[in-house]
Amino acid sequence: MSMLDRKLLRDIGAMRGQVLSIALLVASGVAVFVGSVSTYESLSSAVSRFYETARFPQLFVTLKRAPLSIVPQLNTIPGVATIEPRIVREVIVDWPATSQPVSARMVSLNHAGDERLARLHLRRGTAPEPGSARSAAVNEAFVEANGVNLGHEIRVLLNGKVEAYHVSGVALSPEYVYAVKPGLPIPDDRLYAILWVDRSAAEAAFDMKAAFNDAVVSLAPGADPKPVIDELDRLLEPYGSIGAVAQRDQPSNRFLEDELNQQKVMSTTIPFIFFGVAAFLLNSALGRLVSAQREQIAALKALGFPTSALILHYLKLVLVIVLIGSALGIAAGWGFGTAMIASYQGFFRLPELHFGLTPWSAMLGTAISLTAASLGVLTALRQVVGLAPAVAMRPAAPLGFRRSWVEALLPRTVARSRRLMILRNTAGRPFRSLLTVAGVAFAIPMMVLGIFWRDAINEMIALQFNLVERGNTMVTFPHPMDRSIMRDLAREPGVLVVEGQRIVPVRLRAGQRSYLTSVIGLSAGDQLRRPHDTMLRPIAATPDGITLTRRLAERLDVKAGDVIAVEAMEGRRRKRDLPVSAIVDESIGMASYMEIETLNRFTDEGDVVSAASLYVDQTMTSALVRKFKNLPTIESVSMKAYTLSSFMEKIAGLVFVTAGILAAFATIITVGVVYNSARISLQERAWELASLRVLGFTRGEVAGILFGEFAIEIVLGILIGLPLSHAVIGLIARFHSNESFQIPAVIAPQTYFIAAAVVLTAAAVSAYIVKGRVDKLDLVAALKTRE
Amino acid sequence: MDAYPPKQNSEGLPVFHARGLSKTYRMGEIEVHALRDVDLDIFEGEFVVLLGPSGSGKSTLLNILGGLDSPTSGEAHWRDHNLVGATDAELTRYRREHVGFVFQFYNLIPSLTVLENVALVNEIADKPLDPLEVLELVGLENRIDHFPAQLSGGEQQRVAVARAIVKSPDVLLCDEPTGALDYETGKVVLAAIARANERLGTTTIIITHNAAIAGMADRVLRLGGGRIVSEECNSHRLSANEVHW
Ligand SMILES: Nc1ncnc2c1ncn2[C@@H]1O[C@H](COP(=O)(O)OP(=O)(O)O)[C@@H](O)[C@H]1O
Ligand SMILES: [Mg+2]
């Protein structure tokens with residue numbers, strides 16, 4: 001072993017605390033990078049593999065009823081490759097095990113599950129064979145949530161009669177990776193099932209002999225979906241088509257895409273904060289080491305060692321640190337990714353969702369860390385290696401301390417010598433002080449990012465379910481009903497308030513942009529559904545226009561006052577141009593509102609309602625829901641609180657993993673920065689601090705002088721970190737908001753408090769570790785040598 | 001074994017009282033005896049000079065008396081303070097309340113100005129003097145706003161002297177205060193120390209190679225090989241002004 005390598009090993013041994021804390025910082029960057037890139041790759045490859053093998057369609061059409069005989073005609077549309085016509089209906093499930101209403105979507109199969117498009121992936125059992133009238137395959141999520149087994153019966157309400165289906169298989173479908181009931185913003189696997197039955201069974205159940213009301217379409221390679229959609233809409237309009245949609249607007253796929261995009265953003269932003277801080281720290285720690293060794297370096301140079309050998313020597317040190325860090329980081333990234341994928345498994349039903357480490361991410365992460373660290377050490381070396389040996393062999397010039405302008409601001413009594421020492425040392429090494437401040441300032445948003453989700457979700461729920469949707473129970477009717485039904489509902493026991501709504505599927509167009517959604521018709525004095533403007537003031541739907549949620553207005557690229565084309569997708573399918581009367585803020589979904597009378601005039605249907613929002617006495621809800629379940633006039637019942645709680649449980653896992661990881665990283669940044677700076681400071685100032693001890697200053701007072709500097713920097717870092725968190729959260733909320741959810745950028749005061757407290761604790765613990773060394777300062781040694 | 005009590009002004013009890021002080025450094029097989037069985041008494045207001053070749057144990061003795069180091073065996077007291085076996089906190093308090101130090105390398109705080117370096121000690125002293133007056137005593141009244149890096153070695157050492165005496169310590173311990181200075185500059189520093197002893201009556205122990213100062217000492221102790229090998233007492237102690245430098 002060469003002497004330089006021996007020196008390298010001794011240096012590493014002597015600086016093991018610093019080496020470890022910098023390695024941990026590198027590890028954090030590599031872990032987030034490897035973990036999130038691999039999570040993204042695992043998720044997205046699981047999705048594309050499933051979409052490919054299960055032949056996920058490109059277009060989705062919903063209509064009222066069309067004869068199967070027109071399918072050959074649809075097949076001739078240029079660009080269409082395959083069409084699979086189906087019968088799809090929402091049904092109520094008789095499920096005595098829960099007091100909540102359970103509903104299902106029944107989907108017909110043409111080929112026993114081996115469909116030409118949207119093929120089933122069977123987990124267990126088989127899909128219903130052609131001709132089998134009483135068996136069904138059920139989606140895995142419902143089966144797991146309710147403990148259903150093969151051979152069990154599922155009883156469905158069809159035209160007032162209960163029909164039982166035997167569970168023949170448990171299946172996954174690319175259309176229902178994320179199965180959410182239409183009209184609900186969030187999934188509830190306990191209360192919503194997908195039932196696949198044979199075409200013959202569906203024909204009998206819904207009286208759809210030789211007819212279809214739903215079709216999925218695949219396109220010829222390279223075909224443009226837009227003209228195909230237009231042609232499908234034109235041909236199917238007489239059959240009550242509400243319009244074909246592309247993959248982007250298929251609910252399950254949209255949610256998946258949004259989640260994948262978030263994962264991608266996370267994997268390309270957050271790791272670089274860590275890489276940046278690690279490079280910064282490496283520069284300062286190694287810079288200190290290099291200047292402490294400047295006399296040695298000069299001596300080595302004078303002995304004839306070439307500069308390249310010295311550079312290589314320090315690069316080896318970097319290599320050791322980065323390799324330790326990367327190895328730890330890859331292992332941690334593996335754990336992080338595995339935990340993320342495990343919590344995604346509850347959300348997304350994919351046949352093969354496993355965590356796989358993406359090799360290039362590990363290599364790239366290591367390479368980025370190595371580059372950042374090498375740059376750090378090279379800049380530090382440049383200053384020393386560039387000196388003539390004779391100059392370098394003399395000790396470095398002392399720091400030029402000056403009175404700083406801050407002192408002039410201090411009252412005379414405050415300007416005590418010890419405080420001045422602290423102040424001048426902070427100002428005298430601005431780069432290092434900046435490092436500590438920056439490290440702490442970055443740790444705070446990291447911490448806030450981990451825990452702000454709770455605030456954001458609370459705020460989302462508060463906005464959507466306390467301000468906008470204030471009823472606790474929602475019912476829908478199978479078809480528009482005369483308003484008189486409201487009186488019947490109001491008479492039900494426990495119903496305190498009931499308000500009728502008219503919900504009409506519409507296609508909104510503005511220029512080239514169009515969007516398929518629903519318009520909700522409200523009455524002027526409605527209390528249970530109250531849109532709020534962007535200032536969160538309740539506003540009523542105006543009689544002469546349409547009110548859009550902000551996200552919808554953005555998608556259509558319109559603002560209040562612009563005129564958009566509204567086309568009703570049912571009934572007589574009228575079209576009308578309406579001005580946008582207001583933009584409202586909602587956190588879930590992309591709805592639009594109209595005044596109910598205007599809406600009914602528009603659809604030309606008289607005074608009708610298609611849904612009702614109810615406020616029901618809490619103690620009476622179960623009984624009422626049980627009753628509603630058996631009423632043929634009621635298509636579905638949903639209860640807000642129940643759905644919300646199940647959703648919260650589901651995301652809790654995901655939020656918890658993220659919060660834990662980010663909190664760990666915030667701690668690593670803080671400890672890394674504070675511990676390193678304190679060690680470096682102590683090393684540089686040991687002589688001065690020992691002199692103070694000789695003068696009679698106690699261990700505590702001397703530690704106070706050393707750490708006073710850090711106290712200032714940490715407090716400054718926290719002060720910068722809090723508003724920085726606000727900015728970071730603003731960005732993250734923007735990135736993470738999608739068409740399903742609008743994440744509000746709110747941070748509760750206690751979140752700030754927790755973040756600051758954790759960072760302070762981490763800083764205090766780092767200081768405490770270094771304090772042990774302050775206590776052991778060698779007083780006699782300080783007197784023997786000159787600094 | 002003879003103790004070395006002062007021969008003339010031995011009225012009252014000694015302030016420093018040491019018996020059988022030994023200090024041994026063990027480095028592997030080799031034992032270095034820095035001090036061997038030293039007995040010593042020093043009285044209130046005495047001005048004692050320690051002489052001896054390098055390595056003879058002078059600093060070790062001074063450091064033990066200053067509460068910076070502890071002997072391997074033996075006992076040492078300053079008044080009723082036991083300097084052997086005391087805790088770090090007790091020794092810190094002893095230094096803080098009673099001892100002023102001046103060292104070869106000044107040990108000034110680089111981030112503080114001259115005045116602030118002196119005022120620093122006042123923050124932890126009970127009966128401090130006015131820093132400006134003390135700086136005048138060492139002849140630095142015109143340099144109070146300079147940082148140590150802006151002063152010459154002799155000036156820095158005079159700041160160290162001012163810092164040591166500003167808290168009016170009971171004991172002033174100086175370890176080769178002129179070691180890093182040229183002869184002429186050294187004289188100015190020594191004069192400052194001597195004046196302080198005279199003016200304030202501080203018990204002073206000084207390690208120096210400057211023979212001239214021996215004239216104003218009450219006693220001169222000579223060390224060799226870790227022992228006190230000789231002692232001279234001045235029957236007539238010269239004042240700082242009378243010393244012929
Ligand atoms: N930390 C130490 N380790 C080993 N030997 C030491 C140590 N400190 C002092 N010595 C030895 O003790 C002896 C006395 O030292 P010192 O009191 O500093 O001498 P002086 O001040 O008279 O020059 C010397 O031989 C010195 O080498
Ligand atoms: Mg010495």
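Order of the sequence lines fixes the chain letters, A, B, ..., with proteins taken first and strands second; residue numbering starts at 1 for each chain.
D88(B) has its side chain out of reach of T698(A): every pair of non-hydrogen atoms, C-beta onward, lies at least 4.5 Å apart. Counting only heavy atoms from C-beta outward, the side chains of L692(A) and I109(B) approach each other to under 4.5 Å. Between F697(A) and R95(B) the shortest side-chain heavy-atom distance does not fall below 4.5 Å. Within the 4.5 Å cutoff, no side-chain heavy atoms of E688(A) are placed close to those of N107(B).
The part of I124(B) that comes within reach of chain A is its side chain, from C-beta onward, which places non-hydrogen atoms under 4.5 angstrom from that chain. Only the side chain of L779(A) comes within contact range of chain B, with at least one heavy atom under 4.5 Å from a heavy atom of that chain. With a 4.5 angstrom heavy-atom cutoff, L91(B) does not touch chain A via any of its atoms.
Tested against T92(B), the residues R699(A), R693(A), E701(A) include a single side-chain hydrogen bond (donor to acceptor under 3.5 Å, both in side chains) partner, R693(A).
Interatomic distance, S691(A) OG to F103(B) CZ, rounded to the nearest 0.5 Å: 8.0 Å.
Closest approach of W687(A) to F105(B), counting heavy atoms only: CZ2-O, 3.9 Å.
In R143(B), the CZ atom is crowded: over 12 heavy atoms of neighbouring residues, nucleotides or ligands sit closer than 6.0 Å. More than 12 non-hydrogen atoms from other residues, nucleotides or ligands lie less than 6.0 angstrom from NZ of K127(B).
Ion pairing between a basic and an acidic side chain is recognised when a charged N comes within 4.0 Å of a carboxylate O; R418(A) and E116(B) show no such pairing.
In terms of heavy-atom pairs under 4.5 Å with chain A, the best-connected choice from E176(B), H98(B), Q150(B), R163(B) is R163(B).
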